[in-house]
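A note on names: the letters A, B, ... follow the listed sequences, proteins ahead of strands, and every chain is numbered from 1.
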Amino acid sequence: MPRGQNLYFRIYNAVRKIPRGKVATYGQIAALIGSPRSARIVGWALRSLDPGTKVPWQRVINGQGMISIENMNCPKEQQALVLRQEGVEVMQRDGNFWVDLGKYGWQTD
DNA sequence: GGTTTGACCCTAA
DNA sequence: ATTAGGGCCAAAC
């Protein structure tokens with residue numbers, strides 16, 4: 001198995017720890033796994049996820065609080081829809097979706 | 001083996 | 001306020 005799998009496992013585990021109705025940023029996840037400067041790895045890990053994964057990758061967004069996904073099997077619309085079902089208020093901004101991290105941001109601490 | 005890219009973040013001008 | 005550049009680690013070519 002690739003040595004990066006351990007890191008992937010950490011990422012998935014951290015993402016699973018995100019409470020329902022909250023959203024976390026790549027930076028936070030990266031910080032939780034011990035690499036605050038490796039937010040990109042989180043993106044890679046989530047990108048490699050399967051469509052039927054149990055990991056709530058939908059709760060992970062960028063530091064600006066908006067969804068970056070573009071050409072994935074799951075369109076941003078559906079992601080925003082799921083977040084709404086989770087209880088997160090998603091605002092639309094010119095085709096892109098915006099979430100208020102100040103209210104729905106996951107407070108790790 | 002090296003080079004490029006990536007669902008990012010931070011700092012500087 | 002915005003735009004540009006560097007950095008980080010892992011996977012794909």
Would you mind writing out the side-chain donor-acceptor pairs for residues 14-41 of chain A within the sub-3.5 Å range, not counting sequence neighbours?
unit_1  : atom_1 : unit_2   : atom_2 : d
A:Arg20 : NH2    : A:Gln85  : O      : 3.2
A:Thr25 : OG1    : A:Gln28  : N      : 3.3
A:Gln28 : NE2    : A:Trp106 : O      : 3.0

Original post:
Base, sugar-phosphate, or nothing for A:Ser38, non-hydrogen atoms under 4.0 angstrom?
Top reply: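 Sugar-phosphate, no base atom in range.
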Original post:
Which other residues end up in the same hydrophobic cluster as A:Leu81, if Ile, Leu, Val, Met, Phe, Trp and Tyr are linked when side-chain heavy atoms come under 4.5 Å apart?
Top reply: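 None; A:Leu81 is a cluster of one.
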Original post:
If only atom types and distance count, is the side chain of A:Tyr12 paired as donor or acceptor with the main-chain N or O of A:Ala45 below 3.5 Å?
Top reply: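 Yes, the answer is positive, given that a donor and an acceptor are paired below the 3.5 Å cut-off.
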Nucleotide [N], atom [atom2] - distance to [atom1] of [X] in whole Å:
{"X": "A:Leu46", "N": "C:dA11", "atom1": "CG", "atom2": "P", "result": "14 Å"}
{"X": "A:Ile11", "N": "B:dA7", "atom1": "CD1", "atom2": "P", "result": "14 Å"}
{"X": "A:Ile33", "N": "B:dC8", "atom1": "CD1", "atom2": "C1'", "result": "12 Å"}
{"X": "A:Leu7", "N": "C:dC9", "atom1": "CG", "atom2": "P", "result": "10 Å"}
{"X": "A:Ile41", "N": "C:dA12", "atom1": "CD1", "atom2": "C1'", "result": "13 Å"}
{"X": "A:Gln28", "N": "C:dC8", "atom1": "CD", "atom2": "P", "result": "22 Å"}
{"X": "A:Ile67", "N": "B:dC8", "atom1": "CD1", "atom2": "P", "result": "12 Å"}
{"X": "A:Tyr8", "N": "B:dG6", "atom1": "OH", "atom2": "P", "result": "14 Å"}

**OP:** Scan residues 52-66 of chain A for pairs that pass salt bridge (Lys or Arg N to Asp or Glu O under 4.0 Å), counting only residues two or more places apart or in two chains.
**Re:**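 Of all non-adjacent pairs touching residues 52-66 of chain A, those that pass salt bridge (Lys or Arg N to Asp or Glu O under 4.0 Å) are A:Arg59-A:Glu86.
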Original post:
Who are the side-chain contact (heavy atoms from CB on, under 4.5 Å) partners of A:Glu89, not counting sequence neighbours?
Top reply: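 Checked A:Glu89 against side-chain contact (heavy atoms from CB on, under 4.5 Å); matches are A:Tyr104.
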Subject >> Listed partners of A:Gln64 passing side-chain contact (heavy atoms from CB on, under 4.5 Å), at least two apart >> reply: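 Partners of A:Gln64 by the side-chain contact (heavy atoms from CB on, under 4.5 Å) criterion, ordered by chain and then number, come out as A:Asn62, A:Met66.
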Under 3.5 Å, which protein N or O atoms sit close to an N or O of nucleotides 9-13 of chain B? Give each pair with its distance.
unit_1 : atom_1 : unit_2  : atom_2 : d
B:dC9  : OP1    : A:Gly63 : N      : 2.4
B:dC9  : OP2    : A:Gly63 : N      : 3.0

Original post:
So do A:Gln92 and A:Phe97 actually touch side chain to side chain, heavy atoms under 4.5 Å?
Top reply: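 The answer is yes, as the side chains (C-beta and beyond) meet within the 4.5 Å cut-off.
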Original post:
From C:dC9, B:dA7, B:dC8, pick the nucleotide closest to the side chain of A:Arg40?
Top reply: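 Closest of the options to the side chain of A:Arg40: B:dC8.
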**OP:** Mark yes or no for a side-chain to base donor-acceptor pair under 3.5 Å between A:Arg47 and B:dG6, with no hydrogen or angle criteria applied.
**Re:**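 In this structure, the two groups form no donor-acceptor pair.
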